[in-house]
Undergrad: 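My structure is below; once you've seen it, I'll send some questions.
Just so we're clear, the structure is a prediction, and the values are computed from it rather than from any experiment.
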Amino acid sequence: MKRVDQHGGSPAAAGRLRAPLMLALMLVAVAAFRIHTAQYSLWYDELASLEFARQPVSRLWSSWMLRETNPPLFYTMLSGWIALVGNGDVVLRLLPIATGIAAIGAAFGLGRAVGDAKVGLLAAALLSLSALGTDLSQQVRGYALAQLAVLLACIGMVHYLRLRTSGGLLLYGIATLVALYTHTTLALFAGLAGVTMLWLLQGDRPAQARWLATNVAVLAGWGWWAMISVRQMTMPVTNIAWIATPSWRDSVAMTAQVYLPFYADRPGLAGTLLLAAMFAALAVCAVRAARPEIRLLAVVTIGAPVLLFAISQRVPIFLPRTLSWASGPELVLVALGVTRIPSLLVARAGGILLLGLSAVGLANWLPNRERDHWDQAAALVERHRPSLVIVGDDAVALAIDHYRADNGQRGPRPLVVQSAGRERWADGLYAGSHLSARAVRDRLRGAPCAVVVGWGPFRSPMLDDPSVAVEPLTHDSAPSVALIRLKGVHGICRA
């Protein structure tokens, strides 16, 4: 007789439900943690996302976007999100947090597709505890969406490799198109996937033909943004000019930060050796693995940083966040390797060790994460009640204006005295006054109190004017705030 539990279900059915239930509990816990820790000021790039989301959608999908290196899909989604729920800091972050939670679910799906439920759960847990995954899912940027799209595209490819179904091709095509319209560097993923799948499908000409046709359709759909990107490359000033050409040491450090569980800025000798061992194991999988889906994920994992390094010698684009999309497939392979250790005791110990290291990395990252203090800067400006607020670029003006308006402050709008640098994306978006240094000096003669706000390279030239006395109000924090006055003229500021 078939044994039935007290709830009327079979043990097999209970086993099938166990993994989805554990995943659901995991996702609820991760969502609660990420929302709870998302209560901090938007940083500079996130404020840029907000400004793009405020533009008409027709503008985002036109040649107007030549000013911005990122495609318009995420900004379009954010625009709709703002229309529904508003633009508070935490409310804005709910969109990428939800996308990051979906990516954890997709990691489970990919792990189960290449292994079983245990692989999926470990991959999902590793991504849940990932400091990088947490960081990118809290940023009002498209990186979490890119990771989700790559994981879904990989699921589609795995299904096509196994079953040769049109459903797998459709999932791959849609997800890859989403990835390409989320971040331009995802063209590397599309290229890696396209060539690798042709190799893995050798001997099956009809399957190769359908794969090529799918990729032609994807490229045709991406053609508009590809032309925008080509035009951007020929422009004299680009938004990525600040990215440095990476040395091989820099590339190893950034790859270790993305791929290793403890999220170290510098991996050291132990981290470098661990990364080298991982790449050696992945190379063996890419060449000798019996299952084509393992080869596929191994090539994507190895190829992503290698291609980023090679391209960055000509056009620097290598950053941890531009590699972040490859961490999903990499974590699935790590989970597969751990769960396939013959000794159950060793496998469990390995999984616990990886999860522990990831938790330590998350705990170390959390208090030191990258952030700007625009809300504090706006409050500091308000406290001194300045007659003039001076900034060095339209982007800084938009940022400080947003937080002053958000806090109900009604002081003077920022005056832009253009710095040596310039954010091309912000040109024309700030409707406030743009003055010369000379005009601002004239205004300072009658201003009892003036404040200068700066961020990074966008430092107002007024701070270097020899006729101006400067009193910094912030130290070693971004953005910077300082009181200024003409020498010999007494300023009166209330604090």
Side-chain angles (χ1 to χ4, degrees), residues 106-116 119-120 123 146-180 185-222 255 259 278-311 323 325-340:
F108 171 81
L110 181 58
R112 188 168 58 177
V114 300
D116 52 27
V119 178
Q147 185 170 69
L148 171 62
V150 166
L151 285 165
L152 292 175
C154 287
I155 292 173
M157 287 188 287
V158 168
H159 282 296
Y160 188 63
L161 283 171
R162 286 186 170 180
L163 305 173
R164 303 294 197 266
T165 60
S166 57
L169 281 179
L170 183 63
L171 178 58
Y172 162 79
I174 293 173
T176 302
L177 200 55
V178 168
L180 289 169
T185 58
L186 269 296
L188 298 181
F189 167 72
L192 275 171
V195 173
T196 305
M197 286 288 285
L198 278 177
W199 166 52
L200 295 173
L201 292 169
Q202 58 185 326
D204 189 340
R205 292 291 181 85
Q208 284 185 322
R210 291 193 295 273
W211 174 254
L212 283 172
T214 301
N215 280 274
V216 168
V218 169
L219 288 173
W222 184 57
T255 304
Y259 282 180
M278 176 188 291
F279 269 65
L282 290 171
V284 171
C285 288
V287 175
R288 300 181 60 182
R291 295 162 55 194
E293 59 268 29
I294 307 303
R295 290 184 170 188
L296 169 68
L297 298 185
V299 171
V300 168
T301 301
I302 294 173
V306 171
L307 281 179
L308 273 173
F309 173 75
I311 292 171
L323 178 61
W325 55 267
S327 64
E330 180 257 344
L331 287 177
V332 169
L333 283 178
V334 169
L336 181 66
V338 170
T339 57
R340 290 299 180 266

Undergrad: Is the closest side-chain heavy-atom distance between Thr176 and Leu180 below 4.5 Å?
TA: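 Yes, close enough: below the 4.5 Å cut-off.
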Undergrad: Would you sort out whether Thr196 and Val300 count as a side chain to side chain contact (heavy atoms under 4.5 Å, CB included), showing the intermediate values?
TA: CA-CA 8 Å; Thr196 305; Val300 168; 5.5 Å; no
Undergrad: What do the steps show when you test Trp199 against Val299 for side chain to side chain contact (heavy atoms under 4.5 Å, CB included), and what is the final call?
TA: CA-CA 11 Å; Trp199 166 52; Val299 171; 4.2 Å; yes
Undergrad: With sequence neighbours excluded, tell me which residues meet side-chain contact (heavy atoms from CB on, under 4.5 Å) with Ala179.
TA: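 Ala179 satisfies side-chain contact (heavy atoms from CB on, under 4.5 Å) with Ala149, Leu186 once adjacent residues are dropped.
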Undergrad: Report the distance from atom CG of Leu200 to atom CD of Gln202, rounding to the nearest 0.5 Å.
TA: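 Nearest 0.5 Å value for the CG-CD distance: 7.5 Å.
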Undergrad: Between Leu323 and Ala304, which heavy-atom pair has the shortest distance, and what is it?
TA: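 Scanning both residues, the minimum pair turns out to be CD1-CB, 3.7 Å.
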Undergrad: Checking the side chain of Tyr160 only, and the main-chain atoms of Ala207 only, is there a donor and an acceptor separated by less than 3.5 Å?
TA: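 Yes: the side chain of Tyr160 pairs with the backbone of Ala207.
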Undergrad: For Arg295, is the CZ atom crowded, meaning more than 12 foreign heavy atoms sit under 6.0 Å from it?
TA: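 More than 12 within 6.0 Å, yes.
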Undergrad: Among all residues two or more places apart in sequence or in another chain, which pass the ring pair (Phe, Tyr, Trp, His ring centres under 6.0 Å) test with Phe189?
TA: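 Partners of Phe189 by the ring pair (Phe, Tyr, Trp, His ring centres under 6.0 Å) criterion, ordered by chain and then number, come out as Trp325.
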Undergrad: How about Arg164 and Leu201: do any of their side-chain heavy atoms sit closer than 4.5 Å?
TA: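 Yes, side chains in contact.
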Undergrad: Tell me every residue that passes side-chain contact (heavy atoms from CB on, under 4.5 Å) with Arg291, counting only those two or more places apart in sequence or in another chain.
TA: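 In terms of side-chain contact (heavy atoms from CB on, under 4.5 Å), with neighbours along the sequence ignored, Arg291 is linked to Val114, Arg162, Glu293, Ile294.
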Undergrad: Enter the distance from Leu177:CG to Leu219:CG here, rounded to the nearest 0.5 Å.
TA: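 Nearest 0.5 Å value for the CG-CG distance: 9.5 Å.
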Undergrad: Would you say the side chain of Leu296 lies within less than 4.5 Å of the side chain of Met197, judging by non-hydrogen atoms?
TA: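 When only atoms from C-beta onward are counted, Leu296 and Met197 do touch, with a gap below 4.5 Å.
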Undergrad: I'd like to check Phe309 versus Thr255 (side-chain heavy atoms, cut-off strictly below 4.5 Å). Are they in contact?
TA: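 Phe309 vs Thr255: side chains apart.
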Undergrad: Quick one: CG on Leu169 to CG on Leu163, what's the gap to the nearest 0.5 Å?
TA: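 Between Leu169 CG and Leu163 CG, I get 11.0 Å after rounding to 0.5 Å.
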Undergrad: Using every non-hydrogen atom in the two residues, find where Pro329 and Thr301 come nearest and quote the distance to one decimal.
TA: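 Closest heavy-atom pair between Pro329 and Thr301: C-OG1, 4.0 Å.
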Undergrad: Give the minimum heavy-atom separation between Leu152 and Ala106, together with the two atoms involved.
TA: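 Closest heavy-atom pair between Leu152 and Ala106: CD2-CB, 4.1 Å.
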Undergrad: With rounding to the nearest 0.5 Å, note down the distance linking CE in Met278 to CG in Leu282.
TA: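 The CG atom of Leu282 is 6.5 Å from CE of Met278, to the nearest 0.5 Å.
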Undergrad: Does Val334 reach the side chain of Tyr259, with side-chain heavy atoms less than 4.5 Å apart?
TA: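 Contact flag for Val334/Tyr259 side chains = no.
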Undergrad: Which heavy atom of Gln208 sits nearest a heavy atom of Leu198, and at what distance?
TA: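 So the minimum-distance heavy-atom pair works out to NE2-O, 2.8 Å.
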Undergrad: What are the two closest heavy atoms between Gln147 and Ser327, and how far apart are they?
TA: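 Looking at all heavy atoms of both residues, the shortest contact is NE2-OG, 2.7 Å.
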Undergrad: Would you name the heavy atoms of Pro305 and Phe279 that are closest together and state the gap between them?
TA: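 Distance-wise, the nearest heavy atoms are CG-CZ, 3.7 Å.
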Undergrad: Rounded to the nearest 0.5 Å, how far apart are CZ of Phe108 and CD1 of Ile155?
TA: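 Here the rounded value is 10.0 Å.
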Undergrad: Return yes if some donor-acceptor pair links the side-chain N/O of Asn215 with the main-chain N/O of Val218 below 3.5 Å, else return no.
TA: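 Not at all, since once roles are kept as given, no pair shorter than 3.5 Å links the two residues.
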Undergrad: What's the separation between atom CZ in Arg205 and atom CG in Leu212, rounded to the nearest 0.5 Å?
TA: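 Arg205 atom CZ to Leu212 atom CG measures 11.0 Å (nearest 0.5 Å).
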Undergrad: Kindly indicate whether the side chain of Leu336, heavy atoms from C-beta on, has any atom under 4.5 Å from the side chain of Leu297.
TA: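 Answer no - side chains too far apart.
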